[in-house]
Amino acid sequence: MPTLNSLNNRYQEKRLTIMLIIALLVLFVISLMVGDVNLSIINTLKNISNDNSSLESIILMDIRLPRTLLAVLIGASLGLSGAALQGMVRNPLAEPGIIGVSTSAALGAVIVFYFGLATAFPMALPLGGIVGALLAVIFLYALTRHNNSMLTLILAGVAVSSLSAALTALALNLSPNPYAALEIFFWLMGSLADRSFTHVWLILPTTLIGWWLMLSTRHDLDVLSLGDDTAQSLGVQIQRLNKRIILGVALSVGAAVSVSGGIGFVGLVVPHVLRPYVGYQPGRLLICSALGGAVLLLAADITVRLLATQQELKIGVLTALLGAPFFLHLILKSKREWAP
Amino acid sequence: MSIQASNIHVTLSGQLILNDINAEFPPGQLIGLIGPNGAGKSTLLRVLAGLQMIQKGHVSINGERLQELQRIDLAKKMTYLAQSTECHWPMSVERVVMLGRHPHVNSQQIGDVDMEAVKQAIKDVDIEHLIGRSVNELSGGERARVMLARALATGSDILLADEPIVSLDPRHQIEVMALLRNQANRGKTVIVVLHELHLAMRYCQHLMLLDNGRKVAEGLTEDVLTESNLKRIYGVNALFGNHQGVPWVLPWSNEKEESI
């Protein structure tokens, strides 16, 4: 009898996890050093221990560190949400950006901006994003519940995205202050520049709750691959699983978008690339995807800082430029694999 | 473990699918649910598995009502093998079979007992040669056997299977029916939805015949698969015979034309 090594041997998965963690740590350090002013980590750390107010330590602690932490948090949220959504709707094209969750989260945040709620009450910003994201995920779930074909999913995404984009445009259109409109417009493109620790603290709680909710479903997600009936008969409480993922995605992606603007395709590319290394099991994919998302977004953020463009390229623009062709490739490939 | 169904009524989109079904399924028996298309066999199986909303009645296992059991506890006692062999991701055969251990595996730590159960199930269903392959590359019949192995790997006392042999070749149909009978002989309660009357005659000890959501006959296989029942319910004339002391049946013609 051939051996069942693939079941016992978690070597491949462990190696992948360790490699992703190492990559994350390396990029973390690089991210702290790279920018308009190149810092030497050791010197800066020395400076910090001696004197808190040197320019280098201010750049490191108040600019680079929060930016790096945000890239990790937001990247992980996007990677994890993509993997969790794909597992839930059993479709490799489910991704917060494509299905309109990011756009509607952005709409929520724009409404908060527009009415000036954020200045009165800072938590309004992530809350606006979360409410927007939640509405989109619930709509998507309702539509794909009985029909998880790619067509339904993508059409639902088109509908949600178009509606949110239209409402966002309406807000910009009616804006009494053209500068505010321009600011919102640039913010929508997605960026991690000029963020501070305030932003980190603002999104940290909901982000972590969202992660916990999604990760708590990881054992059950594998079984869901066999269909609702079989999963239920194996002890999975489907309604509870769906609620957790919907809420988890809304909490973490809503919070992420409210701080960074729209950053698409991370949740599409990362799970797709990593899936073969975890035996295509959607539950096992979650942690790797979170790590992979953090690595990818951090690398993208370092890249936009290194690219010698006159104005810093928005990270959302970069991920879209790279992600959109990838999305097309996936559609063409899936068409062959899944088409009836 | 025995299952009791009492007074089961199921309505789906205004249509009465099951009408006052009462039954007791004892352990140690291979029990077939038979009947024409749309008789309500699969729905009854889903009811027994606790997967179907019922308007009236209840199902219990050893006197304990299904609603009072936690899903995960029910999953340890009872396995449901769906007709569909879908697997949404191209997982390998052994990973799919391992999913059958889900009710027992709380963390993703797989123990020796789980490995043993998976190995045995793979051996029983004769799919050793498929190990390492992706389930999505397999033929319908091969995938059906992988799903059966998945169901056996759970090792529960009750096995409910919805048309488990429908896409199999004759050899594997016979092997799977013999395997199910063997499970019953070991004391399990095995309930199978079937269309293959010849195999029902040969392997099932008890049959329940459904028509239009009602139970129309129930009992020992030979008492249910009679000439008059087949004519009345299925509308077919059948040939009956006996091979080395074992009775057989062959549906031969419909009522209108006697033969070709």
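Below, chain A is the first sequence line, B the second, and so on; all start at residue 1. Fair warning: this is a prediction, and the values are worked out from it, not measured in the lab.
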Exceeds 12 heavy-atom contacts within 6.0 angstrom, atom OH of A:Tyr277: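 No.
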- prompt: Just by distance, with hydrogens left out, do B:Thr79 and B:Ser156 show a side-chain donor and acceptor under 3.5 Å apart?
  reply: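 Indeed, the side chains of B:Thr79 and B:Ser156 share at least one donor-acceptor pair under 3.5 Å.
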- prompt: Hey, which of B:Met78, B:Arg46, B:Arg71 has the most heavy atom pairs under 4.5 Å with chain A?
  reply: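 Between B:Met78, B:Arg46, B:Arg71, the count favours B:Arg71.
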Region of [X] in contact with chain A, defined by heavy-atom distances below 4.5 Å:
{"X": "B:Leu99", "value": "both"}
{"X": "B:Met91", "value": "both"}
{"X": "B:Thr154", "value": "side chain"}

- prompt: Can you say whether the rings of A:Phe327 and A:Phe265 are parallel (under 30°), tilted (30 to 60°) or perpendicular (over 60°)?
  reply: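 Rings of A:Phe327 and A:Phe265: tilted, as their planes differ by 30° to 60°.
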task: Enumerate by number any residue of residues 235-246 of chain A whose heavy atoms lie under 4.5 Å from heavy atoms of chain B; in the absence of such residues, state 'none'.
output: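 Counting heavy atoms that sit under 4.5 Å from chain B, the residues of residues 235-246 of chain A involved are A:Gly235, A:Val236, A:Gln237.
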field: Side-chain donor/acceptor of B:Lys215 to backbone N/O of B:Asn22, under 3.5 Å
entry: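 Yes.
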- prompt: Between B:Lys41 (side chain) and B:Pro36 (backbone), is there a donor-acceptor pair under 3.5 Å?
  reply: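 Indeed, once roles are kept as given, a pair shorter than 3.5 Å links the two residues.
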Side chains of [X] and [Y], heavy atoms from C-beta outward: is any pair under 4.5 Å?
{"X": "B:Ile3", "Y": "B:Ile191", "result": "yes"}
{"X": "A:Thr17", "Y": "A:Lys14", "result": "no"}
{"X": "B:Arg95", "Y": "A:Tyr280", "result": "no"}

